[in-house]
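Before any comments, here is the structure.
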Amino acid sequence: IEQDIFRDIKHDFPILGDVIYLDNAATSCSPEPVVQALVEFEHQYRSNVGRGVHRLTRIATQRYWHAHEKVSKFIGGTAGITVFTKNTTEAINMVAYGLSWSPGDRIVTTILEHHSNFLPWKALEKLGVIVEVIGITPDFMLDMEAFRNALVTPVKLVAITHASNVLGTLLPVEEIADICRKCGTLLLVDGAQGAPHIPVDVAKIGCDFYCFSGHKMLGPTGTGVLWMRDPILKPMMMGGGMVESVTEKDITVLEGYEQYEAGTPNISGGIALGIAIDYLRKIGMEKIHDHESTLTTHLISILKTLDRITVFAPPLPENRIGVVSFTVEGMHPHEMAQQLDEHDILVRSGLHCCHPLMYALGLPNGTVRVSLGIYTTIDDIDLFIATLKEIIAK
Ligand code: PMP
């Protein structure tokens, strides 16, 4: 692993001069080229997109469109439609609202889901839709036997996370997609913790929808993506920018992503997300994954040797991403996070928007969660461990 690349890129993230940021599963930091793209939009060509012909709108429209192209390529999704949203949550809700549901339709999801990939499906129960939740095994993996059994009777949609934002568990999305295809079931993958950390190829996975957050992968806040294989969704919003023509009687909706992006979008955010993608591609997602995986294995192996610490993680490195949850006996997770903050180390604590999982694990106070990013170094991990030990010893 070329650790030097990752040590050097810290200079592109001025915010990291003051803190050790280990809360990347919540949101990541943006490198200077992304920040500069936002500034450049404001200073040089701020204007609307897809409307009018003046010089500024031509630049903005071209760059905004090109950002969609970059994102599609990044996830191997050029054959489908790539829609910009404000986050993963909006992308998933667009699927929930955009499909047609009938009483008795079944949705299969998992106990690992973030509320964003759980509540939109639960909301459909009022229409008579049945939501089934698959559990996990004692080693924090998805219970595939229960999953296969759930698909013996017809299921309209499977909605699963690519990776858990609490346990770091990577789900076997290709195997799940195979099962879904054989059953004629649609598959939505919540890629909020996938796209930022591992190479993603939606064509290879074989899913129908892939949703993720630009702000968790070096892009600006307020950016997210919904990729869909075919434009089978009814648009969640109607308005300007999404129609070819409108008369009092008839509406002709545009083809392509525009039909799902009514109203003025987050133009600078979308363009800057394209720059974040350039940044990630330049390093390479394989390298990023290897780097984060090496550090995660190092972190888990040390945590497991510490007294009073319980780690909740799948045993094998190939089944996890750089998200590690643990508890400290006799100490509330918020208390630990607070004390780490006093040492300039920023981690997440609590229930991580995954209440059903936390209650299933018997952890009503939640966990302390360390989540790595591309700029995390072995020195960061070692300093975190040393500080943790010091706090526990006190
Ligand atoms: N799904 C997962 C797995 C997540 O980790 C998150 C963010 N923590 C979300 C969905 C929601 O992302 P956003 O807040 O960007 O909508």
Side-chain angles (χ1 to χ4, degrees), residues 21-30 71 75 83-97 109-123 133-134 136 140 142 158-173 176 187-198 200 205 207 209-227 236 265-266 269-270 272-273 276 292 296 312-314 319-325 337 346-358 366-373:
Y21 186 78
L22 295 171
D23 192 18
N24 292 281
T27 197
S28 60
C29 307
S30 286
V71 173
I75 56 162
V83 182
F84 282 0
T85 64
K86 68 172 191 269
N87 48 37
T88 303
T89 306
E90 187 177 58
I92 295 172
N93 275 275
M94 283 166 72
V95 179
Y97 284 96
T109 186
T110 85
I111 194 77
L112 289 167
E113 304 310 316
H114 187 280
H115 292 164
S116 293
N117 196 27
F118 188 69
L119 299 182
W121 316 120
K122 290 299 276 181
V133 181
I134 306 299
I136 52 174
F140 309 111
L142 185 67
V158 165
I160 49 146
T161 193
H162 199 162
S164 160
N165 66 307
V166 178
L167 306 175
T169 311
L170 254 176
L171 271 68
V173 284
I176 287 170
L187 173 62
L188 175 145
V189 178
D190 169 355
Q193 302 299 339
H197 304 293
I198 49 178
V200 171
I205 293 173
C207 55
F209 306 101
Y210 195 87
C211 309
F212 56 106
S213 299
H215 69 89
K216 293 184 199 281
M217 49 198 298
L218 315 185
T221 57
T223 62
V225 178
L226 165 59
W227 176 85
M236 187 164 80
N266 178 358
L273 173 58
E292 293 180 358
T296 306
F312 302 87
N319 294 329
R320 59 190 190 218
I321 56 157
V323 169
V324 182
S325 263
L346 313 186
V347 301
R348 174 83 183 264
S349 52
L351 301 175
H352 316 296
C353 299
C354 275
H355 293 188
L357 175 65
M358 291 319 217
T367 62
V368 181
R369 181 187 73 185
V370 172
S371 55
L372 314 191

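Note: hydrogens, waters and symmetry copies are ignored here, and every other heavy atom, side chains too, is used. Positions are given from 1, in the same order as the sequence printed here. Start at 1 and go down the list; that is how both ligands and their atoms are numbered.
- If you number the atoms of ligand 1 from 1 as listed, the ones under 4.0 Å from a heavy atom of Ser213 come out as 12 (O), 13 (P), 15 (O).
- Under the 3.5 Å distance criterion, the side-chain polar atoms of Arg348 are left unmatched by any main-chain donor or acceptor of Ser371.
- Residue-to-ligand polar distances keep Ser116 apart from ligand 1: every N/O pair is separated by 3.5 Å or more.
- In summary, the aromatic rings of His355 and Phe118 are positioned with their centroids too far apart to meet the 6.0 Å limit.
- Without hydrogens or angle criteria, His352 side chain to Gly350 main chain gives a donor-acceptor distance under 3.5 Å.
- Between Gly224 and ligand 1 there is no heavy-atom distance shorter than 4.0 Å.
- The two residues Gly270 and Thr223 come nearest to each other via the heavy atoms N-CG2, 4.1 Å.
- Ligand 1 has Thr161 within reach: a non-hydrogen atom of the residue lies less than 4.0 Å from it.
- With a 4.0 Å cut-off on non-hydrogen atoms, Thr89 touches ligand 1 through its backbone as well as its side chain.
- When non-hydrogen atoms are compared, ligand 1 lies under 4.0 Å from neither the backbone nor the side chain of Ala26.
- Here Ser30 pairs with Val34, Val35 under the side chain to side chain contact (heavy atoms under 4.5 Å, CB included) rule; sequence neighbours left out.
- For Lys216 (side chain) and Ala25 (main-chain N/O), a donor-acceptor pair under 3.5 Å exists by modelled atom type.
- Checking Lys216, Gln193, Glu113 against atom 7 (C) of ligand 1, the nearest heavy atom belongs to Lys216.
- Not a single heavy atom of Lys86 sits less than 4.0 Å from an atom of ligand 1.
- The protein heavy-atom contact nearest to atom 3 (C) of ligand 1 is Asp190 OD2, 3.5 Å.
- Shortest contact from atom 4 (C) of ligand 1 to any protein heavy atom: His114 CD2, 3.4 Å.
- Thr110 OG1 to Asn117 CG: the interatomic distance, rounded to the nearest 0.5 Å, is 7.5 Å.
- Only side-chain heavy atoms of His215 come within less than 4.0 Å of ligand 1; its backbone N, CA, C and O stay farther off.
- The contact set between ligand 1 and Ala25, taken as ligand atoms under 4.0 Å from a residue heavy atom, comprises 8 (N).
- The one candidate from Asn87, Thr88, Thr221, Thr27 that meets the side-chain hydrogen bond (donor to acceptor under 3.5 Å, both in side chains) condition with His215 is Thr27.
- Distances below 4.0 Å separate heavy atoms of Asn165 from the following atoms of ligand 1: 5 (O).
- Scanning all heavy atoms of the two residues, the minimum distance from Cys354 to Leu112 falls at SG-O, 4.0 Å.
- Neither the backbone nor the side chain of Glu90 has any atom closer than 4.0 Å to an atom of ligand 1 (non-hydrogen atoms only).
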